[in-house]
Amino acid sequence: MKIFIAFILSLCKSTVIFILWLILTGMISWELSHLDKEYYTQADTPHPRFKIATTTYPQTWQEHINHPKPLLDTPDNHCMDNCLKILDNGNYQYINDSPLIMTFSEYQINNHQVIPISFRKHDIGHIFLGMILSFLSILLLRYFIKYTNITTKSFFKNLS
């Protein structure tokens, strides 16, 4: 019976560590994609994956410059992978969701002219780097718990 209880406890501990690793991976990879965000001035050329929502199909920036289509300016509230949203500041954000990359193109429409504001991508590289960094942070956390004599009693005793 003691072996069974020890097995269940170790299974619970491993499950908690795995869930913590998944949560850390998601948080780290999402924040890494925010660090990769590009901001533009009017003279800048946006990223090649920068997309603009049109009435027919989404266009890249170069396609829009060469063959402009009528712009879509009504948001889609029930979209699955290609979404146009209006942000609180009045800018438009086009979200292109693919299996391995998610791109966020933010722009303004002024007199039927598109002014690019920013571009952000979240891809598999961010997720892979997040996995490695979360694994290292869990190892560091386990090291501090195992090899330092910090217990909750001594921690709260030192605070007072």
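Position 1 is the first residue of the sequence, and the numbers go up from there. Predicted model, so just to flag it, every value in this text is computed and none were measured.
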Transitively linked via ILVMFWY side-chain contacts under 4.5 Å: [X] with [Y]?
X      : Y      : answer
Leu129 : Met131 : no
Leu133 : Leu139 : no
Phe104 : Tyr94  : no
Trp61  : Leu71  : yes
Ile95  : Leu87  : no

Side-chain heavy atoms of Pro58 within contact of Asn96, under 4.5 Å: no
Check: Tyr92 and Ile86 side chains under 4.5 Å, non-hydrogen atoms: yes
[X] to [Y] - nearest heavy-atom pair and separation:
X      : Y      : result
Lys121 : Ser33  : O-CB, 3.3 Å
Leu32  : Gly130 : CD1-N, 4.3 Å
Tyr40  : Pro116 : CB-O, 3.8 Å
His122 : His126 : CA-ND1, 3.7 Å
Lys51  : Tyr107 : O-CE2, 3.9 Å
Asn91  : Ile117 : ND2-CG1, 4.0 Å

Plane angle bin for Phe119 and His47 - parallel if under 30°, tilted between 30 and 60°, otherwise perpendicular: parallel
So does [X] have more than 12 non-hydrogen atoms from other groups sitting under 6.0 Å from [atom1]?
X     : atom1 : result
Leu35 : CG    : yes
His67 : NE2   : no
Glu38 : CD    : yes

Intermediate values then yes/no, side-chain hydrogen bond (donor to acceptor under 3.5 Å, both in side chains), Glu106 and Ser118: CA-CA 5 Å; Glu106 185 178 342; Ser118 67; 3.2 Å; yes
For the atom pair [atom1] ([X]) and [atom2] ([Y]), what is the distance rounded to the nearest 0.5 Å?
X      : Y      : atom1 : atom2 : value
Gln59  : Ile52  : CD    : CD1   : 7.0 Å
Ile124 : Ser29  : CD1   : OG    : 9.5 Å
Phe4   : Leu9   : CZ    : CG    : 10.0 Å
Ile17  : Ser10  : CD1   : OG    : 10.5 Å
Ile127 : Ile132 : CD1   : CD1   : 12.5 Å

Donor-acceptor contact below 3.5 Å, side chain Asn66 vs main chain Glu63: no
side-chain contact (heavy atoms from CB on, under 4.5 Å) between Val114 and His64, worked out: CA-CA 9 Å; Val114 175; His64 179 71; 3.6 Å; yes
Residue pair Ile138, Leu20: steps toward the side-chain contact (heavy atoms from CB on, under 4.5 Å) verdict: CA-CA 8 Å; Ile138 287 176; Leu20 176 66; 4.2 Å; yes
Worked verdict on Ile115 versus Gln42 for side-chain contact (heavy atoms from CB on, under 4.5 Å): CA-CA 7 Å; Ile115 303 168; Gln42 285 188 340; 3.7 Å; yes
side-chain contact (heavy atoms from CB on, under 4.5 Å) assessment of Leu100 paired with Asp123: CA-CA 6 Å; Leu100 296 178; Asp123 59 7; over 6 Å; no
Within 45° cone and under 6.0 Å: Arg142 NZ/CZ vs Trp21 ring: no
